Chemist: 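There's a structure below that I have some questions on.
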2 protein chains.
Amino acid sequence: MAATIRDVARKANVSVATVSRFVNGTHKVRGETAERVKEAIAELDFRPNAVGRSLSTSHTKSLGVVIPSISNPVFSEAVAGITNEAKQQGYSLMLTSTNYDPEEEQSVVETLLENRVDGVLLTVADPENSAALDMLRNARTPFFLIYNQPVEQTPTVTVDNVLAGQEVAEQFAVLGHTRLGMISGRFTTSDRALARKNGFLKGAANLKLPAPVICEADHEGRALEQTLKALYQDLSTAPTALFCSNDLLAISVIGYLRKQDISVPQQVSVIGFDGIDVGSHFYPSLATMVQPSQEMGAAAAKQLLARLSGGDIKEALILPHVFRPGESAGPAGKLTPASSPNLSQNTRRRSTT
Amino acid sequence: MAATIRDVARKANVSVATVSRFVNGTHKVRGETAERVKEAIAELDFRPNAVGRSLSTSHTKSLGVVIPSISNPVFSEAVAGITNEAKQQGYSLMLTSTNYDPEEEQSVVETLLENRVDGVLLTVADPENSAALDMLRNARTPFFLIYNQPVEQTPTVTVDNVLAGQEVAEQFAVLGHTRLGMISGRFTTSDRALARKNGFLKGAANLKLPAPVICEADHEGRALEQTLKALYQDLSTAPTALFCSNDLLAISVIGYLRKQDISVPQQVSVIGFDGIDVGSHFYPSLATMVQPSQEMGAAAAKQLLARLSGGDIKEALILPHVFRPGESAGPAGKLTPASSPNLSQNTRRRSTT
DNA sequence: TTCATTAATGTAAACGGTTACATTTGTGAA
DNA sequence: TTCACAAATGTAACCGTTTACATTAATGAA
């Protein structure tokens, strides 16, 4: 159906080589010849077939992108960063998501590999032990991790999750909290959550605070609600400060706490992780440890692309994180059932329409 | 480097045809032969090259996706819907974004076409007059619009934006508002915003309300802030009810209003459009007209895929929208400088850390 | 056992580009 | 004008599959 380079060659009365050279600008072609070729291309509406080209050159000018979830803004941000960088250098993106499932990681990487992407940018559940990464290494397809914890011989761009977790503990301490807790997604599906936890624990220990209680739960639905219910059964011992392993989780947690008539931050302070944009518009606005997601995506893409054009790359890039204060984290107060700020808040909410 | 079908054939002592048939399961291959082929594949770590296959079959099993912005959750949701559907049917996604710019629409579609995607799912600035769509039609590459207003001969999945806009006017009327206004992104880059405006105007007219004031502004930065400042110069005439053409815009608007000491919803009510998930967690929670983004993406993908396997498709799918009440839209009050709820609110905010 | 039929396998030509190498054309010096 | 050399262009093999068509092997009836 579509015109091929041979059609163009015939119409312009030149060889396919000349057309190819004209299209790609790889060699000079004489003015008059160029003119004829240009006309033929226009008349035939010729569009070079990237499939043919890829087969011939054995590179596709495309990058695979693998993220756990498309709906989580933290990953969209990274993808936005990747997109800019890739577009600039003429690369296309093949996007896939895994739902945090290592099996899916494998299957999408398999697809990417079959499609012969030139490189892959990805976030995996556990880089220490990842079949997907093994496939990539085995196929000698360059890749770059984003968000994951650095591992030997594995290019990664991330933040210092341990230090960041530690700093969260310090923030709570400054606000006078002593009963700390953490709500996290499954550690098996998020090595960074694990690192943040370790940092948090370490921070608490350094500050001579009692060891925080750690709760692992799935992000959505009953599991999380049950966990919180259990945790806040006994208000006299429950944590007054909760570190959530990511912002989306923090938002859910705040919602569930409110449902149980526990007010944030009057009774319980919450700090999230990621720094998704919208967080600052919430009520209460979300205190969080911000990582530069877009920059991380861009940096990873830039490194990978450099590698693809023969350059050298850094193995690990640790970008700076920064704490963003918010209303969800306040001074430690009393955690008692009859707390009054709580009442006033809960009557004010849900008043409309 | 990587093993080819010929390497496998040689090692298994069969012809390439047999290997191909075994890999694709298109013909029976005798048990013993199959065994040999399977072994050879495993030993050589053979992975069929999709590029070669595509060249041969002239389809790529890939879909192009074109959205205005990756960071806007409304589009991510649609992409999530598309991803599920595509993955199920073994299709890969090539994702691109346009920044609402028709020039970029053209250039990304060009790239997609060169890559010979089997079909394209996209949201354009103006489907009535789109070079990108013309290219697609010209190349006879099937496509399906998402979010855009339906146009002759152009498959689209969307909501009834006019009706929805009208209903927003009605919601404001129910709350007792009479001075209505709309803040919208550029109509030239969003046909749906235009439709929503038209519906809004129509709704107001039906209700015998004064014609709403319409403000067109860029989403971010100074432009929007200036617009709002001008609009709220004279509080005695300024609108008490503001319809924003999308949720992200509504969030910005609420922020800027607050900056000017105008409280939402006590002085001004705001209703958004899209129904992004996070909206319900804001303060004030965002009243909005919800469209089923994920379903829209999934439906478009399903239709397009059906079309690709020879089936017939519906030209236009109008999915149901629904109003989600929220705290940002309340009963009409007085719009005066000395309004007290405003003061109390503004001192309460930004109190932490 | 032989032969007609069917099942399994093989051969080789596409698919649409790129590019090493060969050939032709153009240029300026002698 | 002739010739050496450079610039422009052409020829054809190759990239890794699929698949129409040809061939060979297996099967079962006579």
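Note that this is a predicted model, so its numbers are computed, not measured. The figures here come from the full heavy-atom set of this structure, side chains too, leaving out hydrogens, waters and symmetry mates. Each chain gets a letter, A, B and so on, in the order its sequence line appears, and its residues count up from 1.
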Chemist: Using five base pairs at each end, measure the axis-to-axis angle across the helix from C:dT1-D:dA30 to C:dA30-D:dT1 and round it to 10 degrees.
Modeler: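 End-to-end axis angle for the helix from C:dT1-D:dA30 to C:dA30-D:dT1: 40°, rounded to 10°.
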Chemist: Starting from C1' on C:dA20, measure out to CG on A:Asn24 and report it in whole angstrom.
Modeler: 16 Å
Chemist: Pairs under 3.5 angstrom only: tabulate donor-acceptor contacts from the side chains of residues 142-154 of chain A to other protein residues two or more places apart or in another chain.
Modeler:
{"unit_1": "A:Tyr147", "atom_1": "OH", "unit_2": "A:Val74", "atom_2": "O", "d": "2.7"}
{"unit_1": "A:Tyr147", "atom_1": "OH", "unit_2": "A:Ser293", "atom_2": "OG", "d": "2.9"}
{"unit_1": "A:Asn148", "atom_1": "OD1", "unit_2": "A:Val124", "atom_2": "N", "d": "2.8"}
{"unit_1": "A:Asn148", "atom_1": "ND2", "unit_2": "A:Val124", "atom_2": "O", "d": "2.7"}
{"unit_1": "A:Asn148", "atom_1": "ND2", "unit_2": "A:Asp191", "atom_2": "OD1", "d": "2.8"}
{"unit_1": "A:Asn148", "atom_1": "ND2", "unit_2": "A:Asp191", "atom_2": "OD2", "d": "3.3"}
{"unit_1": "A:Gln149", "atom_1": "OE1", "unit_2": "A:Asn161", "atom_2": "ND2", "d": "2.7"}
{"unit_1": "A:Thr154", "atom_1": "OG1", "unit_2": "A:Arg137", "atom_2": "NH1", "d": "3.2"}
{"unit_1": "A:Thr154", "atom_1": "OG1", "unit_2": "A:Glu152", "atom_2": "O", "d": "2.8"}

Chemist: What string of B, S and - do you get for nucleotides 6-16 of chain D, 5' to 3', if B is base contact, S is sugar-phosphate-only contact and - is no contact with any protein heavy atom under 4.0 Å?
Modeler: --SBBBB--BB
Chemist: Figure out the CD/P separation between A:Glu32 and C:dG26, and round it to whole Å.
Modeler: 10 Å
Chemist: Would the distance check show the side chain of B:Asp118 and the main-chain N or O of B:Thr60 forming a donor-acceptor pair, the cut-off being under 3.5 Å?
Modeler: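 Such a contact is found between B:Asp118 side chain and B:Thr60 backbone.
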Chemist: Please identify each residue that fulfils salt bridge (charged side-chain N to carboxylate O under 4.0 Å, His left out) with B:Lys87, with sequence neighbours left out.
Modeler: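 With neighbours one apart ignored, the set is A:Glu104.
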Chemist: Between B:Asp126 (side chain) and B:Glu128 (backbone), is there a donor-acceptor pair under 3.5 Å?
Modeler: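 At least one qualifying donor-acceptor pair exists.
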Chemist: Rounded to whole angstrom units, what separation is found between the CZ atom of A:Arg10 and the P atom of C:dG17?
Modeler: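 Result: 12 Å.
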Chemist: By side chain to side chain donor-acceptor pair (under 3.5 Å), which residues pair with A:Lys11, not counting sequence neighbours?
Modeler: A:Glu43
Chemist: Are more than 12 heavy atoms, taken from residues, nucleotides or ligands other than A:Arg307, located less than 6.0 Å from that residue's CZ atom?
Modeler: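 No, because the 6.0 Å sphere around CZ of A:Arg307 holds 12 heavy atoms or fewer from other groups.
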Chemist: Checking B:Arg47 now: which residues fulfil salt bridge (charged side-chain N to carboxylate O under 4.0 Å, His left out) with it, not counting sequence neighbours?
Modeler: A:Glu110
Chemist: Just to confirm, is there a sub-4.0 Å distance from OP1 or OP2 of D:dT17 to any side-chain nitrogen or oxygen of B:Ser20?
Modeler: no
Chemist: Measure CG/A:Leu44 against C1'/C:dG16 and give the value in whole Å, please.
Modeler: 15 Å
Chemist: What do you reckon, is CD of A:Glu315 surrounded by more than 12 foreign heavy atoms closer than 6.0 Å?
Modeler: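 Above 12, so yes.
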